[in-house]
Amino acid sequence: MKPARTRMAPSPTGRFHLGSARTALFDYLLARKTGGQFILRLEDTDQKRFVPGSEEEIMQSLDWLGITPDESPVHGGPYGPYRQTERREIYHRHARILVEKGYAYPCFCTPERLEKSRQQQQAQKVDRVKYDGLCRAIPPDLAAKRIVSGEKHVIRFKMPQDGVTTARDHLRGDIVTENKHLDDYVLLKSDGLPTYHLAAMVDDHEMQITHVLRGSEWLSTFPLHVNIVRAFGWDEPVWIHLSVFLKPSGKGKMSKRESAQAIKDGYSIFITDMKDLGYTPEGVLNWIALMGWGVPEDDVMTLEQMIERFNIDSLTPSPAAINFQKLDHFNGTHIRLMTNEDLSARLKPYFVAAGLNVRDETLLKVTPLIRERLVTLDDCLAFARFFFEEVVKPNPEDLVANGLDAKQSAMIARKSYEILSGLSDIAHAVVEPPMRAYVDASGYTAGQVFGILRVAVTGQKVSPPLFESMEIIGREKVLSRLRYAIELLDGM
RNA sequence: GCCCCCAUCGUCUAGUGGACUAGGACGCAGCCCUUUCAAGGCUACGACCGGGGUUCGAAUCCCCGUGGGGGCACCA
């Protein structure tokens, strides 16, 4: 396959979410797979809807995911500028070409007249409200004069009024639309900026985009777009319309309300939230890759493996419901795939953020003990904070073993203390045999004896393996925590 | 209202006319392992939206319904 040039073209009007991330991922995979380039282009032609900070969020999200573009407003590239507001002249030039070739025309109708026309049509209950074509009839030389005189106008595409337009989507095949259902869409707005329809087609051509991956919301204007491209006489890219993401219930698409609910549940659809929630780029990437892509082999993939296996033919056209449990699964799986050093380094910030004093040497020993217990990175706090705390304060009730009372539990704790303090070394291999021997001799269960010890030493009922943990905590701390636990039990 | 798209287990999907007793993954249930919680292993449950065609034969092709989604802007 020839090197593909793909592009992700978000508008800086809101937050960067799952859907955008998936499009970017597929763009990236296709470019990497074929040895081509992945381009980021900012579609900022609607200054009314511009949201400050959203450009930064887009870049940050892409960087964090590890799918950085080859060409972009910040990285530059041979086809720039990559911000549409900086490309006005290019669009004007192309709009002029279309007008000259008779594929477009200036329209002087005011918003008020348009609104009136719309209302009339609605009153007549027409099937499709559209531009009434008043300015289509203005002779070109007269229109030119009005433009020169400074009259405000837009440029509209002259849509064929009969016949059909056949547009080919790579996933859906030919989509045939009767032209009478289409409209004379505005190409150039009266503020001098292009609409998406003109800008995207011009830029995709100028930037030599070979494959356009975009959301299925563009399907309805797809015929317009191919008409524009054909009017210019350009080669068409391969068009791929990706389906939308549905809310977890599968009933309806993701909405503002739904994304708020996700956040309440401890999840998010926004990429820049993922890090704080303890998700890894690997987990998120793997998760979104599988929505809309039928991978026949192993579901678990690294970015490299995705590149190897990627193929636009195995993309799917149907909408996919978001499943956060699956995100958890992939996140945990990728955590378990990491090297000890890598995982430790990624865990550290969460301990530091919690105000704990973390020694790298200790963390390196702790990590193997908790890795298969982690679903998200920040779970490390729940499992391992006691390693880095001076003292632990167990809930006294938790110190009482199942089926026993405080007195019996205190007795077991004392006996354990006796055994442990009699040993000069607290290494796992040294401690376990005598403790097991005690369990066997005492008539209590391992669960009871070790349970008391666990709560005493870690302060929690659920913890990493006990003996390995004690070894890391160290003899002195283990013994002092045990003494404290005995005090608590005696005081009950 | 009109136009367009989509339709396999609860969810993500494999399947491109016979290899389908419809495969995998998540979740769910059980068992094994086990000092807690996990991880891991094994097993179970679980689907071709409905109706018509085409064909010797349909999850696969066609039509009609139904359901879901998108669009009908000087927004993208």
Side-chain angles (χ1 to χ4, degrees), chain A residues 9-14 43-46 48-49 107 109-111 114-115 118 122 125-131 152-156 169 171-172 175-178 180-183 185-191 193-197 199-200 214-223 241 243-244 246 248-253 287 290-300 314 316-323 325-330 332-333 336 370-375 379 382-383 432 435-436 439 445-455 458 460-467:
Chain A
S11 60
T13 52
E43 312 232 324
D44 57 347
T45 55
D46 186 355
K48 290 191 249 13
R49 292 201 310 154
C107 168
C109 294
T110 62
L114 259 21
E115 183 52 35
R118 247 192 294 273
Q122 265 153 12
K125 291 196 167 33
V126 296
D127 287 343
R128 200 239 208 258
V129 175
K130 51 185 190 177
Y131 179 59
K152 246 190 163 192
H153 66 282
V154 301
I155 301 295
R156 285 183 184 273
D169 173 84
L171 307 181
R172 302 157 212 265
I175 295 169
V176 182
T177 311
E178 290 191 63
K180 66 180 180 198
H181 293 130
L182 270 14
D183 200 356
Y185 295 91
V186 170
L187 262 23
L188 210 56
K189 298 182 271 186
S190 59
D191 64 1
L193 284 166
T195 58
Y196 171 91
H197 312 304
R214 34 140 65 159
S216 62
E217 66 268 24
W218 293 113
L219 235 26
S220 58
T221 40
F222 187 20
H241 292 90
S243 63
V244 294
L246 270 22
S249 65
K251 292 277 177 191
K253 59 157 188 173
W287 178 50
L290 261 21
M291 288 188 275
W293 176 18
V295 183
E297 304 154 76
D298 193 1
D299 280 359
V300 178
S314 48
T316 56
S318 39
I322 290 178
N323 182 345
Q325 287 178 318
K326 209 152 183 171
L327 167 61
D328 283 339
H329 169 257
F330 281 114
T333 301
R336 273 170 254 129
I370 59 174
R371 71 179 319 141
E372 65 252 28
R373 278 156 250 264
L374 302 178
V375 170
D379 283 346
F383 282 114
E432 189 163 357
M435 283 306 300
R436 288 222 179 261
V439 168
T445 66
Q448 290 170 324
V449 175
F450 297 155
I452 294 168
L453 221 45
R454 179 188 316 283
V455 175
T458 69
Q460 17 186 273
K461 294 175 92 164
V462 172
S463 83
L466 181 59
F467 295 119

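Computation of the quantities below employed the complete heavy-atom set of this structure, encompassing side-chain atoms and omitting hydrogens, waters and symmetry-equivalent molecules. Residue numbers start from 1 in every chain, and the chains themselves are labelled A, B, ... in the order their sequence lines are given, proteins ahead of strands.
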Select base, sugar-phosphate, or nothing to describe what A:Ser11 touches, counting heavy atoms under 4.0 Å on all strands.
-> sugar-phosphate

Tell me: CZ of A:Phe330 to P of B:U11, nearest whole Å?
-> 17 Å

Of the nucleotides B:A39, B:G27, B:C5, which one has an atom closest to the side chain of A:Leu219?
-> B:C5

Round to the nearest Å and state the distance from A:Leu182 atom CG to B:C2 atom P.
-> 18 Å

Between B:U35 atom P and A:Phe467 atom CZ, what is the distance in whole Å?
-> 10 Å

Side-chain atoms of A:Asp46 come closest, of B:A76, B:G1, B:C74, to B:A76

Please report, rounded to the nearest Å, how far the P atom of B:C4 is from the NE2 atom of A:His241.
-> 15 Å

Atom NZ of A:Lys189 with >12 non-hydrogen neighbours under 6.0 angstrom | yes

From the options B:C74, B:A14, B:G71, select the nucleotide whose nearest atom is closest to the side chain of A:Lys189.
-> B:C74

Please confirm whether the backbone N or O of A:His329 pairs with a side-chain atom of A:Trp287, one donor and one acceptor, at under 3.5 Å?
-> no

Interatomic distance, A:Phe222 CZ vs B:A76 P [rounded to whole Å] = 19 Å

Could you say whether A:Leu466 or A:Lys253 is positioned toward the 5' end of RNA chain B, judged by the nucleotide with the nearest heavy atom to each?
-> A:Leu466

